[in-house]
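Structure record follows, encoded as structure tokens.
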Amino acid sequence: MSTENHFYNHKKQDSAWQKKWQADDTYKTADKSTKKKMYVLDMFPYPSGAGLHVGHPRGYIASDVYARMKRMQGYNVLHPMGFDSFGLPAEQYAITHGVHPAKTTKTNIDTYEKQLRSIGLSFDWSRKINTTDPEYYKWTQWIFLKLYDSWYDPKKNKARPIKELISILSKDKKWKTYSKTEKEEILMTYRLAYQGYSEVNWCPGLGTVLANDEIVDGKSERGGFPVEKKTMRQWFMRITAYADRLLSGLETLNWPEQIKTIQKNWIGKSEGYEVSFKIVGAIIPDATVTVYTTRLDTLNGVTFLALSKNHILAGAYTEQTKLWLDDNTGDKKGILVDGIHGIHPDTKEKIPVYVTNYVLSTYGTGAVMGVPDMDERDYAFAEKFKIPVKKVLFENADIIAKRIKAKKASSYKIRDAVFARQRYWGEPIPLKHNTDGTISPLKASELPLTLPNVKSYEPTGTGESPLASIKSWVKEGFETNTMPGWASSSWYYLRYMDPKNSSALASSAAIKNWKQVDVYVGGAEHATGHLLYARFWNKFLYDIGITVTDEPFKTLRNQGMILGPDNRKMSKSWGNVINPDECISTYGVDAFRLYEMFIGPFDSSMPWSTESIIGTRRFVDRVWRLHEKVLAQGNVKSSVQVESMLHKTIKKVSDDIETFNFNTAVSSHMILLNTIEEGVISRKDFESFIILVAPFTISLSEEIWKNLGNKTSIHLAPWPKYNPKKIVEESITIGIQVNGKLRGEISITGNESETEVIAKSLEIVKNHIEGMSVKKTIYVKGKIVSIVVGF
RNA sequence: GGGCAAGUGGCGGAAUUGGUAUACGCGCUAGUCUUAGGAACUAGUUCUUCACGGAUUGAGGGUUCGAGUCCCUCCUUGCCCACCA
């Protein structure tokens with residue numbers, strides 16, 4: 001026997017078939033189809049200069065296996081890929097190397113696309129999108145303008161056009177007396193995209209403002225630069241308007257519970273009361289401090305009021321004092337507000353008022369009633385400032401509320417999202433600042449507002465974007481901030497539905513057809529960023545009649561991280577990065593895909609093993625040899641065990657792919673192969689087996705399929721059907737327990753009566769029950785015999 | 001400090017959801033074959049014991065005829081949020 005035929009030539013097959021699939025448009029998605037639709041989406045990547053490591057494709061291969069099975073099960077599958085390419089890294093590279101970000105972005109996209117193609121992912125590449133393409137970001141800008149032109153009506157619980165708000169406001173006679181600027185200022189407090197002056201996370205190192213989720217341990221996520229508080233003019237997204245819907249919508253989603261919990265906590269809804277305390281001695285007449293509390297039942301124990309430094313009654317402070325109060329990470333700090341005191345609404349006692357660092361200005365009312373007897377923080381503060389601690393006499397909250405006229409109120413942790421970066425490589429915000437201070441949005445027909453070229457990509461350091469240094473840009477009055485990274489990724493799933501449309505972000509027919517993403521695959525790290533923002537935008541687009549479902553992603557699956565062989569996160573600095581190109585070249589794309597799926601449960605993290613991948617390569621070779629055997633053999637029937645195992649495997653693999661249990665699906669393939677090698681398989685059953693592995697082993701299956709005489713692609717062949725009648729068990733062996741310990745086993749067909757089985761079992765384990773009496777017998781059909789004995 | 005996961009051989013892990021724990025794969029051991037090598041094939045491989053047997057799913061307790069799976073206490077690891085009133 002020569003050995004040559006006995007190894008599968010992956011290099012030849014991989015490249016040949018990939019060319020063929022591309023030439024044949026095998027994976028092209030039909031815009032119109034009578035088949036049921038299935039939208040399977042990966043979180044699109046940000047193409048970095050480093051290219052892919054073996055951890056990245058795990059999610060892509062999983063979604064690909066799923067999409068392939070669905071295609072073979074007769075669905076019209078939308079499975080696209082694109083690139084999220086605005087953002088800091090390309091810009092930082094431009095600063096250090098002087099290369100235009102557009103150029104870097106193009107190079108990186110090309111590298112990524114080449115790598116993704118080599119993994120044989122069944123994307124419809126004709127739908128590829130690139131967020132830095134003006135034809136794409138035109139629609140990101142268009143959505144921004146819609147948000148700018150909308151307000152949230154809490155009564156109708158949806159977004160409405162701003163002109164409808166104006167007609168409501170006009171009913172008030174006062175409205176006409178306001179100047180144009182005053183009217184604009186009022187409207188700005190309603191717009192869903194609005195400009196505000198707010199304390200933000202300013203990062204001098206990056207020269208930009210950051211969102212909360214871009215800060216890790218008080219430092220910027222990218223670069224690790226320090227972050228400080230600064231009050232600046234910003235664009236915001238009024239995501240807080242959607243807080244309740246973002247919360248209730250979670251219940252309708254088939255998402256991992258962990259992600260739902262994270263979003264729930266992030267939104268942070270709590271129910272309580274607002275209580276007003278009269279203030280005596282303030283300059284403002286009839287001054288009150290309203291606090292938010294979830295524990296109105298402890299009102300009796302209030303001995304002080306604590307205000308945040310931004311509270312209207314907090315007073316003016318020197319820069320130094322402000323800085324001192326800014327630090328709210330360590331000890332409790334506070335200043336007694338001289339000359340004023342509060343009045344307890346129930347007891348009418350005088351209580352002192354403090355400004356403290358531990359009360360957040362952005363939560364509740366920015367003021368807290370201090371109950372040192374109940375609350376640890378209040379106690380720590382009271383102890384430090386020698387404030388008396390009063391023993392709480394609990395009383396029903398509703399009764400107190402009625403008596404002191406406290407209102408029920410809800411509070412949320414979620415904050416409006418900063419929607420501006422003082423950087424260059426992002427979508428321009430399509431607005432003009434007029435000389436009178438008002439703002440004019442661009443018309444839809446004026447979009448896209450394209451990003452101009454600049455000489456220097458360096459941030460100005462004054463908190464302005466490099467765009468501020470372009471005279472023509474500033475002269476036109478264009479906004480110099482750009483959009484943050486999450487803008488374009490908040491709606492891209494809609495663009496794939498109709499990626500080349502120049503008159504709408506996608507045609508309403510396409511959106512009606514594809515509706516929403518059926519299965520969305522990506523990392524869990526986007527729980528409070530992308531996944532929340534995209535839900536918010538989708539809900540807004542639903543309100544204005546663009547999308548047809550309230551939620552964008554029906555089912556979500558998170559992939560676990562692949563660590564280096566040393567169990568550490570893959571990184572250049574550890575030198576533990578495994579490149580997929582090398583794996584594919586050594587073992588072939590099929591062994592690589594199998595191993596990525598076989599390595600362990602899809603959603604858990606695990607180390608890459610450079611030796612274990614040989615196991616899936618052996619599987620590939622064994623299937624190849626089996627196919628040679630099948631081609632050589634005559635017309636044979638499958639052995640009973642093989643046929644039975646085949647049908648068990650059809651059920652198991654179909655179920656496992658459906659539920660993303662890819663590791664056990666591959667394991668079932670291996671068990672089936674082991675069974676086939678010990679028996680005989682018919683040509684027809686072998687075809688079923690090859691189809692069953694085809695979503696994993698794409699080239700191998702295709703080549704074998706051709707050799708079996710098929711003219712069309714296996715990847716469009718119908719998925720095998722499971723026939724329960726084919727599963728025959730001649731006999732099964734079950735255990736016999738005596739007092740809970742396994743003492744023997746018995747072979748049964750399953751047709752015996754309980755008495756029969758028990759009688760035989762007692763005979764088998766008679767040594768273990770000698771001299772004792774049988775107290776109880778249990779027979780769980782087909783599972784176990786349990787005998788209880790005693791003296 | 002709060003919340004959420006998870007702990008099973010030398011390694012990655014499986015277990016029909018309360019029914020014979022360690023499937024599948026890697027590695028390892030022995031053998032077969034071969035024109036060097038990486039290969040392939042056959043047998044074995046949780047631990048302990050020459051063996052009969054015994055023990056075993058992070059530790060301890062409980063429920064049950066029966067627990068990796070359910071309940072309680074504790075330990076360890078990972079992730080998320082951290083003065084949210």
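Letters A, B, ... mirror the listed sequences (proteins, then strands); counts begin at 1.
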Requested in this report: With pairs defined as Watson-Crick or G-U wobble and both distances under 3.5 angstrom, please note down RNA chain B as a dot-bracket string, | for pairing with another strand.
Outcome: (((((((..(((......[....)))((((((.......))))))(((....)))..(((((..]....))))))))))))....
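Within the 4.0 angstrom heavy-atom criterion, no nucleotide atom of any strand lies near A:I736. Using a 4.0 Å heavy-atom cutoff across all strands shown, A:S411 reaches no nucleic acid atom at all. Among the heavy atoms of the strands, none lies under 4.0 Å from A:V291. Within 4.0 Å (heavy atoms only), A:R743 reaches sugar-phosphate atoms of the nucleic acid but no base atom.
The ring pair (Phe, Tyr, Trp, His ring centres under 6.0 Å) search around A:F602 returns A:F660, A:F662, not counting sequence neighbours. Under the ring pair (Phe, Tyr, Trp, His ring centres under 6.0 Å) criterion, A:H53 pairs with A:H56, sequence neighbours left out. In this view, A:T261 satisfies the side-chain hydrogen bond (donor to acceptor under 3.5 Å, both in side chains) rule with no residue, not counting sequence neighbours.
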At a cut-off of 3.5 Å, list every protein nitrogen or oxygen paired with a nitrogen or oxygen from nucleotides 2-5 of chain B, distance to 0.1 Å.
none

Report all interatomic pairs (protein N or O, nucleotide N or O of nucleotides 9-18 of chain B) with separations under 3.5 Å.
| unit_1 | atom_1 | unit_2 | atom_2 | d |
| --- | --- | --- | --- | --- |
| B:G12 | O2' | A:I599 | O | 2.4 |
| B:A14 | OP1 | A:N663 | ND2 | 3.1 |

Set out, line by line, the N/O atom pairs under 3.5 Å between protein and nucleotides 61-69 of chain B.
| unit_1 | atom_1 | unit_2 | atom_2 | d |
| --- | --- | --- | --- | --- |
| B:C65 | O2 | A:S786 | OG | 2.6 |

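Between the side chain of A:K332 and the base of B:C83, at least one donor-acceptor pair of N or O atoms lies under 3.5 Å.
Summarising the local packing, CD1 of A:I312 is surrounded by 12 or fewer heavy atoms from other residues, nucleotides or ligands at distances under 6.0 Å.
Out of B:G27, B:A21, B:G54, the shortest distance to the side chain of A:L742 is found at B:A21. Considering only the side chain of A:Y363, B:A85 comes nearest among B:C24, B:G25, B:A85. Of the candidate nucleotides B:G27, B:A23, B:C83, B:G27 has the atom lying nearest to any side-chain atom of A:E611.
A salt bridge links A:K766 with A:E763; the closest basic N to acidic carboxylate O contact falls under 4.0 Å.
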Side-chain donor-acceptor contacts of residues 650-658 of chain A below 3.5 Å, not counting sequence neighbours, with atom names and distances?
| unit_1 | atom_1 | unit_2 | atom_2 | d |
| --- | --- | --- | --- | --- |
| A:K651 | NZ | A:D655 | OD2 | 2.9 |
| A:K652 | NZ | A:D656 | OD2 | 3.4 |
| A:S654 | OG | A:I650 | O | 2.5 |
| A:S654 | OG | A:W719 | NE1 | 3.0 |
| A:D656 | OD2 | A:T664 | OG1 | 2.8 |
| A:D656 | OD2 | A:A665 | N | 3.3 |
| A:E658 | OE1 | A:K70 | NZ | 2.8 |
| A:E658 | OE2 | A:Y66 | OH | 3.0 |

Distance-only criterion, 3.5 Å: show the donor-acceptor pairs between side-chain atoms of residues 561-570 of chain A and protein atoms not counting sequence neighbours.
| unit_1 | atom_1 | unit_2 | atom_2 | d |
| --- | --- | --- | --- | --- |
| A:D566 | OD1 | A:R568 | N | 3.2 |
| A:D566 | OD1 | A:N576 | ND2 | 3.0 |
| A:D566 | OD2 | A:R568 | NE | 3.1 |
| A:D566 | OD2 | A:R568 | NH2 | 3.2 |
| A:D566 | OD2 | A:N576 | ND2 | 3.3 |

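A sub-4.0 Å separation between OP1 or OP2 of B:A40 and a side-chain N or O of A:R618 is present.
Screening residues 611-620 of chain A for side-chain hydrogen bond (donor to acceptor under 3.5 Å, both in side chains), with sequence neighbours left out, gives A:H10-A:R617, A:S609-A:S612, A:R617-A:D621. Judged as a side-chain hydrogen bond (donor to acceptor under 3.5 Å, both in side chains), not a single pair has a partner in residues 774-791 of chain A (not counting sequence neighbours).
Within residues 669-678 of chain A, the residues approaching RNA chain B are A:M670, A:I671, A:N674, by heavy-atom distance under 4.0 Å.
Taking the ring centre of A:Y358 as origin, the terminal cationic atom of A:K332 falls inside the region bounded by 6.0 Å and 45° from the ring axis.
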